[in-house]
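Since the structure is predicted, the reported quantities are computational estimates derived from the model, not experimental observations. The basis for the numbers below is simple: all heavy atoms, side chains too, and nothing from hydrogens, waters or symmetry mates.
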Amino acid sequence: VALVDEFQDTDPVQYRIFSRIYRQQDATLCMIGDPKQAIYSFRGADIFTYMQARRHTPAEHRYTMTTNYRSTPAMVEAVNTLFALRQESFVFHEAITFAPVSAASGRAAPLLVHGQPLPPMIALLLDGPGLKKPGRASISIDRAQEAAVDFCADQIVQLLEAAHQGQATLAGRPLTTADIAILVRSHREAEAMQAGLRRRGINALALGQSSVFATPEAGQLLQVMSAVDDGSDPGRIRTALATELFGCDGATIDVLREDEQAWAVRLADLHLYRRLWQEQGFLAMFQHLLVREGVTRRLTARIGGERSLTNYLHLAELLQESPAGQHGAAALLRWLQHQMDNPDAGSEGQLIRLENDEQLIRIVTVHRSKGLEFPVVFAPFLWHGRTLAKDEPLQFHRRDDGQLCIDWGSGEEGHRRLAEEERLAEELRLLYVALTRAKCCCFLCWGVVSGLEQTALAYLLHGGSRPQDEAELRLDMEQLNRVQPLVEVRSYPAAFPCHRLSAREQPGQLAAKPFNGRIL
């Protein structure tokens, strides 16, 4: 018997192997998976292989879970209602059907704000004056991102301030920052959201799907390592001194041009680092550099410095573990350059790490959020549609046998239609994963944004088209409230309060520690 979990992420080779071994008369193959959560095509997962496996499995051997043990009944009903708006809610209706589920009673407590439960979905409508340029029917993507960041940050501040006053509670306790997650698609979106929260006095941990070798810190570390390895190039040394690890400003570096003694001191430092590298290894040298140059103190004193320090320490750990280090500094430098040229976001060891383990708001990519749950979820960028570029190769599957094909530029419109269909299907699965991370409530930003018609939510709410104006958009959203109130629409305010969130911690009672010793 073979029991294979997460089978929606299988590929043709894996399925052939398991089928060859376990589809025998005296064997059993149990495939467990939710095709609505198949979102890892970039790692080789092939939803068409799952669809093939489903066809090979007799109907009497297919079983479906019908109870949600994670979310509140209202949240479950909101997801049920949204995905029931279209019969082909996941495009490939024959193989990926949406079956409404029921919520387990008493498992998840609602979020109460001022004594009332929040609606399961709150749409933050980007409809404020000045968001659209004159003469334009839609909001630009850049302006929409700025507005979404400000709107979400404002709502988070309001929630946390209510929690400090005991007016936002979850199962009888105040809501905390650890109860809130913000779901994004890219590192750029995560940075924008983190910066917006920081402006309001809120710290957040960004847990992305990016390689640490693709960060600015990797490039600066390479410059420092090159200067340490070869101290004969003054230009290379000055470039290294300008990095965060040495922290020299332009005036300081300019002084070194004229002050021979100060320049000699810097050369001596580099010589010391080079000797430590040669005798004790890269990590010993790097740790000595951190202490001698005061890197930790300097970085953590500025905004975003903790993120940079975490990346440097992560890179140092990977460099120390690299087999290239056994062949000298030059080999390790080549290895680092190669990793920077070919970062692998699919490698668990390369993924950017959390800055710290405090109980803070999490900013997580949708891909990485799979399997997690949060009482409150913010999805600021669901309006950002992604399309296939005109000149990129088209990847699609033949509908008769599920064979993967690549079109390198034949111009066949039928191929583009199939590729677009598969893109939309995956967007819908990503939307499903994002919305179902929420236990109590999901805040999402929505509006008449350029490219909105390409998004999964527009496919469900607006039939795959872009509403003409905010009135039409609101009317489409009201479909969710036909039976019971499931979504609340909040308009973009004329202005946001400029105050920052304060901790409002109650100071503890201080007392002198009693001295029970004896002075001789």
Side-chain angles (χ1 to χ4, degrees), residues 70-76 78 103 106-125 148-184 190 193-207 306 354-364 369 372-380 434-445 485-493 495-509:
R70 168 187 293 169
S71 304
T72 62
M75 190 71 234
V76 172
R107 283 301 187 99
L111 172 61
L112 302 179
V113 177
H114 301 294
Q116 297 297 321
L118 275 185
M121 286 188 185
I122 297 178
L124 309 178
L125 198 57
V149 167
D150 289 338
F151 209 166
C152 287
D154 176 72
Q155 296 295 301
I156 291 172
V157 168
Q158 290 187 32
L159 278 176
L160 294 178
E161 286 185 333
H164 290 153
Q165 298 164 7
Q167 297 299 315
T169 59
L170 191 64
R173 63 169 178 81
L175 183 76
T176 68
T177 51
D179 295 320
I180 300 173
I182 302 170
L183 302 188
V184 298
M193 200 65 238
Q194 194 172 29
L197 290 172
R198 196 179 291 126
R199 289 193 296 269
R200 303 299 295 272
I202 303 173
N203 290 324
L205 298 176
L207 184 60
E306 194 172 3
L354 291 174
E355 295 97 311
N356 55 53
D357 57 358
E358 294 180 41
Q359 295 296 299
L360 302 179
I361 292 173
R362 260 56 171 176
I363 302 176
V364 194
S369 72
L372 304 179
E373 58 183 63
F374 309 93
V376 181
V377 165
F378 280 78
L435 296 180
T436 53
R437 298 312 94 199
K439 295 175 64 176
C440 303
C441 179
C442 180
F443 289 75
L444 56 95
C445 287
L486 297 174
V487 61
E488 175 188 328
V489 179
R490 296 183 180 178
S491 295
Y492 195 78
F496 292 103
C498 59
H499 67 275
R500 291 162 59 89
L501 182 72
S502 57
R504 292 188 175 88
E505 293 180 354
Q506 295 296 326
Q509 296 296 319

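Of all heavy-atom pairs spanning Cys440 and Leu170, the tightest one is SG-CD1, 3.6 Å. Ser71 approaches Ala438 most closely through the heavy-atom pair OG-O, 2.9 Å. Here the closest non-hydrogen pair linking Thr176 and Leu160 is C-CD2, 4.2 Å. When all heavy atoms are compared, the tightest approach of Ala153 to Gly196 is CB-O, 4.1 Å. Across all their heavy atoms, Pro485 and Pro120 have their closest contact at O-CD, 4.5 Å. What you find for Ala74 and Leu486 is that their closest heavy atoms are O-CD2, 4.0 Å.
Between the CD atom in Gln165 and the NE2 atom in His114 there is a gap of 7.0 Å [rounded to 0.5 Å]. Here the CZ-CG distance, from Phe151 to Leu124, works out to 4.5 Å after rounding to the nearest 0.5 Å. Taking CG of Leu360 as the reference point, atom CG of Asn203 lies at 6.0 Å (rounded to 0.5 Å). The CG atom of Leu197 lies 10.5 Å from the OG1 atom of Thr177; values are rounded to the nearest 0.5 Å. Separating the OG atom in Ser491 from the CG atom in Leu125 is a distance of 6.0 Å, to the nearest 0.5 Å. Here Ile202 contributes atom CD1 and Met193 contributes atom CE; the two are 8.5 Å apart, rounded to the nearest 0.5 Å.
In terms of the side-chain contact (heavy atoms from CB on, under 4.5 Å) criterion, residue partners of Pro73 (sequence neighbours excluded) are, by chain and number, Ala103. Considering only residues two or more places apart in sequence or on other chains, Glu373 meets the salt bridge (charged side-chain N to carboxylate O under 4.0 Å, His left out) condition with Arg70, Lys439.
Under the 4.5 Å side-chain criterion, counting only non-hydrogen atoms from C-beta, Asp154 is in contact with Pro497. You'll find the side chain of Cys441 reaches within 4.5 Å of the side chain of Ile122, heavy atoms only. Residues Arg199 and Val149 are in side-chain contact: their nearest non-hydrogen atoms beyond the backbone lie under 4.5 Å apart. A 4.5 Å side-chain heavy-atom check between Cys152 and Ile182 finds every atom pair outside the cut-off. Using a 4.5 Å heavy-atom cutoff, the side chains of Ile180 and Phe443 are not in contact. No side-chain heavy atom of Pro174 sits less than 4.5 Å from a side-chain heavy atom of His164.
Between the Arg437 side chain and the Leu372 main chain, a donor and an acceptor come within less than 3.5 Å of each other.
For residues 165-176, the pairs satisfying salt bridge (charged side-chain N to carboxylate O under 4.0 Å, His left out) are Arg173-Asp179, with sequence neighbours left out.
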* To do: With side-chain contact (heavy atoms from CB on, under 4.5 Å) as the test, would you mind laying out the steps for Gln155 and Phe378 before giving the verdict?
  => CA-CA 10 Å; Gln155 296 295 301; Phe378 280 78; 3.9 Å; yes
